[in-house]
**Student:** 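Starting off with a structure, shown below.
FYI, side chains are in, hydrogens and waters are out, and symmetry mates aren't considered; it's all heavy atoms of this structure.
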Amino acid sequence: MRRLVFAVVLLCGIGLVAAPAAAAATHNKADAAAGWLARQMTDGERFEADFGGQKFPDQGLTIDAIFAFAAAGVSDTNAGKAIAWLAKPEITTAYVGGGTEAYAGAHAKLLLAAQVRGKDPASFGGVDLKAGLLSLLTPSGRFSDRSEYGDYSNALSQSLALLALDRTGEAPARAVAFLAGSQCPDGGFPLNFGEATCVSDVDATATVVQALRATGDAVNAGEGTSWLVTKQHPNGGFGFGTDAPNANSTGLAAQALAGHRPAAAIKAREFLRSLQTGCAGAEADRGAIAYDATGLNPSTAPRATAQAILGLARVPLSDLHGGGCPQAPVLACP
């Protein structure tokens with residue numbers, strides 16, 4: 001009888017089992033998704049954007065992966081490599097801005113990633129991320145870009161800024177008030193500030209309510225959560241306005257609903273699992289989550305999988321911490 005070499009991976013916790021050739025196998029759908037996501041990273045450390053055959057660093061998606069790995073509690077080796085890549089001065093500066101350029105969303109997202117990984121944000125890639133972010137706080141309470149190309153800050157960047165600064169105990173009250181004050185009459189929150197007509201957005205609302213909860217505004221967070229539930233499709237998914245449900249929006253919404261609207265959160269997770277490639281799929285695709293019901297697309301699957309993991313794992317952005325299982329597990333199949 002042919003002998004198989006098995007790895008002992010039980011030290012990583014419940015859900016991982018011994019698997020051939022040192023691979024960790026799991027029945028947990030979030031863990032399997034995180035394992036697949038890790039295997040898509042270039043050199044195991046980063047994602048790249050492809051424009052006409054030319055590759056560029058994709059710091060944003062790489063940070064999304066770090067958040068996903070922390071939520072699932074696996075692929076920690078890849079998360080460590082990713083934060084080390086992000087801390088290269090040229091990578092950091094290209095993302096947050098240098099000279100007269102400074103971007104609020106990038107400062108906030110990278111600050112949160114550094115905190116999740118236990119790195120010193122005061123000296124990250126040669127940048128003081130917290131000081132840089134606070135320098136972009138305007139008198140109104142909005143964190144705004146300083147750029148010759150315009151101000152692209154929005155509800156997502158404001159929310160990430162508050163989530164990151166709350167971890168330091170220094171989330172400015174006027175910034176919290178500004179975000180709460182952007183609420184639409186229907187209870188949801190818009191993506192863009194200052195529009196003539198306030199139009200609530202699923203992705204923005206799902207992120208805003210997490211920031212407001214973290215900073216102590218349970219009332220407005222609760223109203224936003226109630227609005228989210230009204231936008232859930234019969235199949236459990238969430239989409240952009242009247243668009244069909246997708247994994248990205250559903251992952252963020254499920255993360256916001258978990259622990260607050262359990263029935264809706266369960267339905268959302270069921271939708272996400274329906275988009276996941278299982279044991280009937282190609283071995284290299286198992287664990288991946290498609291953007292929507294049209295099927296797995298290599299160009300959209302990494303971001304869809306990263307954001308879907310947030311909903312499957314049920315860990316809010318305010319509670320993400322690194323240091324999980326080092327392995328990038330594979331889906332356990334017969």
**Student:** Compare all side-chain heavy atoms of Gln232 with those of Phe238 and state whether any distance is below 4.5 angstrom.
**Tutor:** yes
**Student:** First locate atom CG of Leu162, then atom CZ of Phe178, and finally report the distance between them rounded to the nearest 0.5 Å.
**Tutor:** 10.5 Å
**Student:** Please assess Val315 against Leu310 for the test side chain to side chain contact (heavy atoms under 4.5 Å, CB included), listing each intermediate value before the final yes or no.
**Tutor:** CA-CA 7 Å; Val315 181; Leu310 301 179; over 6 Å; no
**Student:** Report yes or no: do Leu191 and Trp227 belong to one cluster of Ile/Leu/Val/Met/Phe/Trp/Tyr joined by side chain heavy-atom distances under 4.5 Å?
**Tutor:** no
**Student:** Does a donor on one side chain sit under 3.5 Å from an acceptor on the other, for Arg213 and Thr225?
**Tutor:** yes
**Student:** Between Phe124 and Ile83, does the side chain to side chain contact (heavy atoms under 4.5 Å, CB included) criterion hold? Intermediate values first, please.
**Tutor:** CA-CA 10 Å; Phe124 190 93; Ile83 200 68; 3.8 Å; yes
**Student:** Would you call Phe193 and Gln158 a side-chain contact if the rule is heavy atoms closer than 4.5 Å?
**Tutor:** yes
**Student:** Using the side chain to side chain contact (heavy atoms under 4.5 Å, CB included) rule, pick out the option among Thr277, Leu312, Leu296 that qualifies with Ile289.
**Tutor:** Leu312
**Student:** Can you tell whether the side chains of Arg146 and Asp151 come within less than 4.0 Å, N to carboxylate O?
**Tutor:** no
**Student:** Aromatic ring centroids of Tyr95 and Tyr103 under 6.0 Å?
**Tutor:** no
**Student:** Find out whether Trp85 and Asp43 are in side-chain contact, i.e. whether some heavy atom of one side chain is under 4.5 Å from a heavy atom of the other.
**Tutor:** no
**Student:** Test your reading of the model: is there a side-chain donor-acceptor pair from Arg39 to the backbone of Pro329, 3.5 Å cut-off?
**Tutor:** yes
**Student:** Do Asp128 and Ser123 touch side chain to side chain, with heavy atoms closer than 4.5 Å?
**Tutor:** no
**Student:** Apply side chain to side chain contact (heavy atoms under 4.5 Å, CB included) to the pair Ser200 and Gln183, showing each step before the final yes or no.
**Tutor:** CA-CA 8 Å; Ser200 296; Gln183 190 171 31; over 6 Å; no
**Student:** Does Arg286 use its side chain to pair, donor to acceptor, with the backbone of Gly281 at less than 3.5 Å?
**Tutor:** yes
**Student:** Linking I/L/V/M/F/W/Y whenever any side-chain heavy atoms sit under 4.5 Å apart, do Val208 and Leu228 land together?
**Tutor:** no
**Student:** If only atom types and distance count, is the side chain of Thr305 paired as donor or acceptor with the main-chain N or O of Pro302 below 3.5 Å?
**Tutor:** no
**Student:** In this structure, would Leu257 and Leu163 fall into the same cluster of hydrophobic residues linked by side-chain contacts under 4.5 Å?
**Tutor:** no
**Student:** Measuring from atom CD of Glu48 to atom OG1 of Thr42, what distance do you get when rounded to the nearest 0.5 angstrom?
**Tutor:** 4.0 Å
**Student:** Ignoring hydrogens and angles, state whether a donor on the side chain of Asp145 or Ser147 is under 3.5 Å from an acceptor on the partner side chain.
**Tutor:** no
**Student:** Can you give me the closest heavy-atom contact between Phe271 and Pro245, atom names plus distance?
**Tutor:** CZ-CB, 3.5 Å
**Student:** Would a single hydrophobic cluster contain both Leu252 and Val202, if residues Ile, Leu, Val, Met, Phe, Trp and Tyr are joined by side-chain heavy-atom contacts under 4.5 Å?
**Tutor:** no
**Student:** With no hydrogens and no angle check, do the side chains of Asn28 and Thr26 hold a donor and an acceptor under 3.5 Å apart?
**Tutor:** no
**Student:** Given 3.5 Å as the limit, does a donor-acceptor pair link the side chain of Arg117 with the main chain of Ile66, or not?
**Tutor:** no
**Student:** Taking the side chain as every heavy atom from C-beta outward, state whether Leu179 and Ser159 have any atom pair closer than 4.5 Å.
**Tutor:** yes
**Student:** If you take all heavy atoms of Asn154 and Leu156, which pair is closest and at what distance?
**Tutor:** OD1-N, 3.0 Å
**Student:** Could you tell me whether a side-chain N or O of Thr250 sits under 3.5 Å from a main-chain N or O of Ala247, the two making a donor and an acceptor?
**Tutor:** no
**Student:** Are Val74 and Cys325 side-chain neighbours, meaning at least one heavy-atom pair lies under 4.5 Å?
**Tutor:** yes
**Student:** Please tell me whether Leu317 and Val116 are part of a single hydrophobic cluster in this structure, the criterion being side-chain heavy atoms less than 4.5 Å apart.
**Tutor:** yes
**Student:** A side-chain contact here means heavy atoms from C-beta on lying under 4.5 Å apart; do Gln255 and Arg314 qualify?
**Tutor:** no
**Student:** Output the distance between atom CG (Leu165) and atom CG (Leu111), rounded to the nearest 0.5 Å.
**Tutor:** 6.0 Å
**Student:** Is there a side-chain contact between Glu223 and Phe189, using heavy atoms and a 4.5 Å cut-off?
**Tutor:** no
**Student:** What pair of heavy atoms forms the shortest contact from Asp64 to Lys109, and how long is it?
**Tutor:** OD1-NZ, 2.8 Å
**Student:** Measure from the side-chain N and O atoms of Thr92 to the backbone N and O of Leu86, and report whether any donor-acceptor pair falls under 3.5 Å.
**Tutor:** yes
**Student:** State plainly whether the residues Asp76 and Lys81 are in salt-bridge range, i.e. N to O under 4.0 Å.
**Tutor:** no
**Student:** Cut-off 3.5 Å, side chains only: do Arg261 and Ser226 have a donor facing an acceptor?
**Tutor:** yes
**Student:** Rounded at 0.5 Å granularity, tell me how far CG in Leu331 sits from NE2 in His27.
**Tutor:** 8.5 Å
**Student:** Test Ile91 against Arg46 for side chain to side chain contact (heavy atoms under 4.5 Å, CB included), laying out the working first.
**Tutor:** CA-CA 11 Å; Ile91 300 300; Arg46 67 187 185 277; over 6 Å; no
**Student:** Can you tell whether the side chains of Arg303 and Asp58 come within less than 4.0 Å, N to carboxylate O?
**Tutor:** yes
**Student:** Could you tell me if Ser249 and Asp203 have a donor-acceptor pair between their side chains, going purely by distance under 3.5 Å?
**Tutor:** yes
**Student:** Keeping the roles fixed (side chain from Trp36, backbone from Ala284), state whether a donor-acceptor pair exists under 3.5 Å.
**Tutor:** yes
**Student:** If you count every heavy atom of other residues, nucleotides or ligands that lies below 6.0 Å from Phe56 atom CZ, does the total exceed 12?
**Tutor:** yes
**Student:** Looking at Asn78, is its backbone amide N or carbonyl O close enough to the side chain of Glu45 to form a donor-acceptor pair, meaning the two atoms are under 3.5 Å apart?
**Tutor:** no
**Student:** Hey, is NZ on Lys119 packed in by over 12 heavy atoms from elsewhere, all under 6.0 Å?
**Tutor:** no
**Student:** Ignoring hydrogens and geometry, is there a side-chain-to-backbone donor-acceptor pair from Gln276 to Leu272 under 3.5 Å?
**Tutor:** no
**Student:** What are the two closest non-hydrogen atoms of Thr62 and Ala82, and how far apart are they?
**Tutor:** CG2-CB, 3.8 Å
**Student:** Can you tell me how far apart OG1 (Thr300) and CG (Asn248) are? Round to the nearest 0.5 Å.
**Tutor:** 8.0 Å
**Student:** Keeping Ser75 on the side-chain end and Ala38 on the backbone end, is there a donor-acceptor pair under 3.5 Å?
**Tutor:** no
**Student:** Count the heavy atoms belonging to other residues, nucleotides or ligands that lie under 6.0 Å from CZ of Phe240, then report whether that count exceeds 12.
**Tutor:** yes
**Student:** Measure the CD-NE2 distance between Gln210 and His260 for me, rounded to the nearest 0.5 Å.
**Tutor:** 8.5 Å
